[in-house]
Amino acid sequence: MISIKHLSKKFKNPDGSVITVLKDVNCEIGKGEVISIIGPSGTGKSTLLRAINMLEPPTGGEILVDGENITAKGYPLHQLRRKMGMVFQSFNLFEHMTVLENIMYAPMELLHLPLGQAMSEAMELLKKVGLVQKAEVYPSSLSGGQKQRVAIARALAMHPEVVLFDEPTSALDPTMVGEVLSVIRSLAKEGLTMLIVTHEMRFARDVSTRIFFMNEGIIYEDGTPEQIFEHPVHSATKAFVNRIQKLVYEIDSDDFDYLQIHSGLSRFCIKYNLSDKTDLAYALIKEMLFEHLRGVRPLTLRFTYAELSGETALDFMVEGISASPLADASALAGIRARVKDIVEEPTTRGFRIKILL
Ligand code: ADP
Ligand code: MG
């Protein structure tokens, strides 16, 4: 359906120097595929999506859509706009139109749909994204998650053959990420062809037929979710998918800033949707620092979250010792019952007590 050959994109900086953002992108995308594009920021993911729908015409190579070269001079771009919908991080709704009008606008203007039909199709789409009751309101009264669901309905109103999503959940409050991802999931089940740039690793693994890992302006590795997440070939892919988010505090004495740890922990848990762990983690930190590891200073406290596996852990690390700083083995019995596991182990630089939450 889409065939990309030797695609490149260079930008000219104001000082005349040139940066090559896409180097040599090659891929084939079939009908009904759901492809998640993952990779570090600044590696050209957005530029690739914008090149595919010619918002940012490429400087080299070609893109064939249904066999037609859309990069050729004179290719009618309005035709391409009908085939491809795009959903941006920042919604881009028309603020002066109601939700319903937002969705009806393009089908009436560009497809010349009669009012009645445009309206009934728009209501069907609102049903699909769960927002029928918001048809008559203006976007300003909606939450971010609701706005993004309207933006998805608006993209679907043109009956596109493929929809491109550029980080559709990145601008959302974490509590609203789920409602948008579940709409995209249901579209995948219906067989809509989609390209999704996302940082949501578990979502990408669950929903995609294929994953593109982009790095340094190329599709560095391409495979099924299983290949990319479980058996990546390249070390850069492996490092990226197994990335661990961390919160680290150095505890030097007993007058450390306890409130700072609490607020840092809360923010971290909200950001990664771990709010059900906040209280337990906080209680354990207190117990460890003031009882079991009282006087063991300095130590490093780490709260870690592996996005892909979901493993969440509290680490207490003490440098320069090779045996457990705990007086006796039964010290942690009271904690053991409340957590998944406790591992006490020497490290290259000292000793670690790792509590898996
Ligand atoms: P990603 O989406 O993977 O984070 P982008 O595609 O947004 O990456 O950007 C890749 C690189 O291209 C970045 O270094 C960015 O600064 C540069 N870039 C993107 N758009 C432009 C532009 N219009 N002009 C100049 N540089 C750009
Ligand atoms: Mg981007």
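Note that ligands are numbered from 1 as they come in the structure, with each ligand's atoms numbered from 1 the same way.
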Quiz item: What residues form a ring pair (Phe, Tyr, Trp, His ring centres under 6.0 Å) with His231, not counting sequence neighbours?
Solution: none
Quiz prompt | Partner residues of Lys83 under the side-chain hydrogen bond (donor to acceptor under 3.5 Å, both in side chains) criterion, sequence neighbours left out | solution = Asp66
Quiz prompt | Qualifying residue, where the test is side-chain contact (heavy atoms from CB on, under 4.5 Å) with Ile353 and the options are Leu332, Asp315, Val343 | solution = Leu332
Quiz item: If you draw a sphere of radius 2.8 Å around the Mg ion (ligand 2), how many protein N/O/S atoms end up strictly inside it?
Solution: 1
Practice problem: Quick one: sort the Phe213 and Phe240 rings into parallel, tilted or perpendicular, breaks at 30° and 60°. | Solution: tilted
Exercise. Show your reasoning for whether side chain to side chain donor-acceptor pair (under 3.5 Å) applies to Glu28 and Ser3.
Key: CA-CA 5 Å; Glu28 301 284 329; Ser3 172; 2.9 Å; yes
Practice problem: Please work out whether the ring planes of Tyr272 and Tyr305 are parallel, tilted or perpendicular, with thresholds of 30° and 60°. | Solution: tilted
Self-check item: Protein residues having a heavy atom less than 4.0 Å from any atom of ligand 1
Solution: Phe11, Ile19, Val21, Pro40, Ser41, Gly42, Thr43, Gly44, Lys45, Ser46, Thr47
Exercise. Let me know which of Ile2, Leu195, Val163, Leu49 forms a side-chain contact (heavy atoms from CB on, under 4.5 Å) with Met84.
Key: Ile2
Self-check item: Glu33 bridged to Arg210 by N-O distance under 4.0 Å
Solution: yes
Quiz item: What closest approach, in Å, do Ala157 and Glu121 show between heavy atoms, and which atom pair accounts for it?
Solution: O-OE1, 4.4 Å
